[in-house]
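Computed from a predicted model, the values in this text were never measured in an experiment. Residue numbers begin at 1 in each chain, while the letters A, B, ... track the order of the sequences.
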Number of protein chains: 2
Amino acid sequence: MSETVTGFEVEDIRFPTSRQLDGSDAMNPDPDYSAAYLVIRTGTGAEGHGFCFTIGRGNDVMAAAIRSLRPYLIGRRAPRDAADLAALHHELTHDSQLRWLGPEKGVMHMAAGAVVNAAWDLAAKRAGLPVWEFLAAMSPEELVSLVDFRYLSDALTPDEALGILRAAAPGRRERADRLRATGYPAYTTSAGWLGYDDAKLVRLAKEAVAEGFEQIKLKVGESLADDLRRMRLAREAVGPSVRIAVDANQRWDVADAIRWMEALAPFDPHWIEEPTSPDDILGHAAVRAGQPVKVATGEHAANRVVFKQLLQAGAVDFVQIDAARVAGVNENLAILLLAAKFGVPVCPHAGGVGLCELVQHLAMFDYVAVSGSLEGRVIEYVDHLHEHFTHPAVVASGRYQAPAAPGFSARMHPESIAAHRYPDGPVWRPGTPGRTS
Amino acid sequence: MSETVTGFEVEDIRFPTSRQLDGSDAMNPDPDYSAAYLVIRTGTGAEGHGFCFTIGRGNDVMAAAIRSLRPYLIGRRAPRDAADLAALHHELTHDSQLRWLGPEKGVMHMAAGAVVNAAWDLAAKRAGLPVWEFLAAMSPEELVSLVDFRYLSDALTPDEALGILRAAAPGRRERADRLRATGYPAYTTSAGWLGYDDAKLVRLAKEAVAEGFEQIKLKVGESLADDLRRMRLAREAVGPSVRIAVDANQRWDVADAIRWMEALAPFDPHWIEEPTSPDDILGHAAVRAGQPVKVATGEHAANRVVFKQLLQAGAVDFVQIDAARVAGVNENLAILLLAAKFGVPVCPHAGGVGLCELVQHLAMFDYVAVSGSLEGRVIEYVDHLHEHFTHPAVVASGRYQAPAAPGFSARMHPESIAAHRYPDGPVWRPGTPGRTS
């Protein structure tokens with residue numbers, strides 16, 4: 001019964017994606033998609049998997065940060081339920097000495113998120129449920145107990161959170177059945193990387209529509225002339241009814257964002273994503289007020305306090321959670337509740353390494369037990385690197401299929417880990433074609 | 001002439017301050033003041049010293065982050081002037097892959113700050129000037145060239161910054177002379193640590209006044225009854241004319257802060273410092289609007305974008321820069337210019353390990369060449385750990401004496417480094433009295 005954690009292994013895994021300019025955008029010209037990857041193991045061999053996503057350099061720093069949390073896990077009773085998972089999350093984010101390295105932001109906070117998410121993977125597997133169902137099986141009281149309300153009470157109290165969850169309790173079963181039958185809407189970013197030429201953009205945009213996607217996304221922000229041309233080509237390729245979101249990846253100051261989006265507005269962009277610094281709450285509010293296109297952000301928002309303010313300031317039309325940026329499931333639950341309180345739809349960020357795999361669970365849980373709605377909601381999908389996961393996210397006809405396997409879909413194939421280990425895996429050895437760094 | 005950097009050494013140094021509860025506050029009950037300490041060395045043996053301050057656990061992660069920046073320095077021409085220092089700062093904070101780990105916050109950002117500050121130490125030594133004079137000898141144009149204005153232009157443009165610096169150019173020499181003659185006002189936090197008993201608080205408060213301090217600071221936030229008693233004792237000890245600031249170290253939500261400060265207001269606190277999350281710009285604005293005591297924050301503000309918003313939102317009466325939290329001298333220059341634009345005084349955070357040594361240079365430069373004023377300005381002073389530095393900060397009659405030695409006052413004694421190296425230095429070996437972790 002009191003099974004303990006006996007193993008805690010961290011790997012620095014990097015994929016040489018810069019060789020094809022996959023993932024290229026206005027701020028990230030040559031990413032090597034990477035994961036600081038954690039496996040926790042119990043005495044009986046049960047495993048929990050979690051990771052931080054990075055884009056190359058610095059993945060070793062993330063791995064060191066995760067390793068620094070080893071003492072919290074080794075010898076600990078393997079987390080099984082809401083109480084265990086609340087306690088672990090609290091200890092990792094409130095360590096008085098480690099807190100100085102954030103607080104609650106950047107490398108140490110993402111490391112805490114990897115450990116928390118690995119614990120959720122372990123606990124959900126033990127319960128025999130995918131994480132979205134494991135969460136949706138918890139009572140409103142258990143869910144509220146998972147959240148750290150510190151710094152939130154001026155926007156959301158535990159009682160208000162309980163009210164939101166209780167209001168969504170009726171119909172949980174029907175919504176879960178609906179997800180299993182028809183999935184959750186997805187949009188694709190695969191067409192729109194900045195490093196792709198016009199012909200590839202048009203071809204991929206048309207393919208996306210043919211595959212059933214009702215929304216695509218283009219990267220913008222490097223050159224307005226290029227963006228106008230690409231946006232026109234994309235609009236011609238997909239027609240008037242498919243939504244085209246655009247994403248500036250933090251490229252602009254406020255005035256730039258307003259000027260640029262006024263110019264792109266005739267092509268009816270669905271949202272402008274990350275127009276400016278992810279820390280700039282007031283800047284996002286000014287961009288939203290200053291031009292006609294809706295504003296989305298959140299993949300780099302450091303924590304629940306930033307999301308709280310984005311909502312308080314009326315700075316966003318869409319909240320873009322990321323499964324591996326904040327302190328794991330617990331903090332994302334806080335953010336889902338904040339978004340529900342303010343009535344703003346959550347459209348998760350994904351892509352990277354394994355972010356689609358993780359975040360689909362959170363969006364599906366949100367639909368079943370928090371917001372109760374699919375309206376205006378869509379999960380990002382990027383068709384890269386899924387083959388390295390034992391239970392990859394599956395998108396068919398433009399919709400994420402509900403995961404059925406127990407856990408968080410976070411487990412990578414051992415062969416993938418061995419091949420991409422940095423710097424000594426075969427992919428990174430001198431002489432490998434395309435090796436750049 | 002083209003001397004290059006050939007050495008880059010990082011040490012994990014920790015002081016067992018938790019054994020005496022020095023530095024204890026409402027959020028940090030048992031800190032072990034620590035430094036991830038960097039020495040860069042040129043081929044001719046010139047050195048630059050820089051560091052990140054932490055409070056114990058995680059100092060190894062900071063050290064790993066600094067080490068990850070080694071490739072930027074080794075083989076580089078040793079920085080000499082504004083152009084070199086601007087280029088280094090830009091490269092470290094705009095590395096497209098490392099940026100994912102922040103962006104511009106937390107462990108990676110502080111690591112960039114340590115490297116940037118070490119480069120300033122090196123360059124100032126080569127110029128034969130203390131950093132505050134090295135900065136004050138630069139033209140307004142050179143100073144503006146050091147700043148990264150990305151995300152600032154809605155609050156401060158390069159032209160506005162140039163105007164501020166040009167307006168302060170007359171009188172630079174007189175103000176520098178005045179600093180050399182009479183120093184810069186200090187306040188002391190040494191009396192007010194939360195772990196100290198009442199008798200020690202009263203004794204130290206009286207000693208502070210006798211030593212010439214016109215401001216002291218108490219830690220608050222753990223128990224209102226205790227804070228009322230301690231505030232009363234302190235006010236009785238120092239009399240009505242000495243300022244007593246209070247510091248909650250992020251302990252409260254907004255409503256707590258308002259309630260608590262309304263209760264303490266009859267004792268005339270000079271400011272409430274860090275009432276809530278350092279990320280909560282709107283929360284600080286609400287605290288400032290909701291109770292009568294002035295608001296100070298900034299030691300944990302992650303970057304210039306957060307400071308920009310604190311000023312735009314009217315959230316603070318005092319801007320508390322920290323020399324080792326943001327990306328070094330360059331980013332603090334941006335923050336000094338923002339504060340000057342908004343007319344808000346800068347009262348630096350110090351204490352820790354070496355923070356007094358560093359930040360005095362920035363405050364003195366601010367007086368000479370940016371704000372041109374000492375009004376409402378005071379630098380924190382904590383009388384700990386200065387003996388480990390070869391050129392310690394000197395406070396006499398309640399005023400920081402202007403440093404005269406070339407560089408950033410950042411160099412620690414080799415014996416101090418050897419003794420406190422973690423985990424293998426003699427201070428940390430098993431069997432050392434008071435060893436706790």
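Interface summary for chain B: among A:D60, A:I55, A:I281, A:L98, the most heavy-atom pairs under 4.5 angstrom belong to A:I55. With chain B as partner, the option from A:V61, A:V305, A:D154, A:L101 having the largest number of non-hydrogen pairs under 4.5 angstrom is A:L101. Highest contact tally toward chain A, considering only B:N303, B:D256, B:D95, B:V306, is held by B:D95 [criterion: heavy-atom pairs under 4.5 Å]. Ranked by heavy-atom pairs under 4.5 Å with chain B, the first of A:A65, A:G106, A:S153, A:S96 is A:S96. Ranked by heavy-atom pairs shorter than 4.5 Å toward chain B, the options A:G58, A:C52, A:S277, A:S68 are led by A:S277. For chain B, the option among A:H94, A:K308, A:Q250, A:E104 with the highest count of heavy-atom pairs below 4.5 Å is A:Q250. Chosen from A:T54, A:V107, A:V254, the residue pairing most often with chain B at heavy-atom distances under 4.5 Å is A:V107.
For B:H109 and B:E331, the side-chain atoms include at least one donor-acceptor pair closer than 3.5 Å. Between the side chains of B:Y422 and B:D32, no donor-acceptor pair is found at a separation under 3.5 Å. Counted by atom type alone, B:Q320 and B:E299 present zero donor-acceptor pairs between their side chains at under 3.5 Å. There is no side-chain donor-acceptor pair under 3.5 Å between B:S34 and B:N59.
Of the two parts of A:R304, neither the backbone nor the side chain holds a non-hydrogen atom closer than 4.5 Å to a non-hydrogen atom of chain B. Using a 4.5 Å cut-off between heavy atoms, B:L152 contacts chain A through its backbone alone, with no side-chain atom that close. Both the backbone and the side chain of B:D30 come within contact range of chain A, each with at least one heavy atom under 4.5 Å from a heavy atom of that chain. Of the two parts of B:P31, only the backbone, made up of N, CA, C and O, holds a non-hydrogen atom closer than 4.5 Å to a non-hydrogen atom of chain A. Proximity to chain B (any heavy atom under 4.5 Å) is shown, for A:R67, by neither the backbone nor the side chain. With a 4.5 angstrom heavy-atom cutoff, A:A286 does not touch chain B via any of its atoms. Contacts between A:A64 and chain B at a heavy-atom distance below 4.5 Å involve backbone atoms as well as side-chain atoms. Proximity to chain B (any heavy atom under 4.5 Å) is shown, for A:F53, by both the backbone and the side chain.
Heavy atoms only, all atoms of each residue included: B:T276 and B:D280 are closest at CG2-CB, 4.3 Å. Summarising the geometry of B:F51 relative to B:A324, their closest heavy-atom pair is O-CB, 3.8 Å, with the distance given to 0.1 Å. Residues A:H284 and A:P278 come closest through the heavy atom pair CE1-CA, 4.3 Å.
Contact check for B:W100 versus A:H300: side-chain heavy atoms found under the 4.5 Å cut-off. Contact check for A:T189 versus A:K219: side-chain heavy atoms found under the 4.5 Å cut-off. With a 4.5 Å cut-off on side-chain heavy atoms, B:L69 and B:L92 count as touching.
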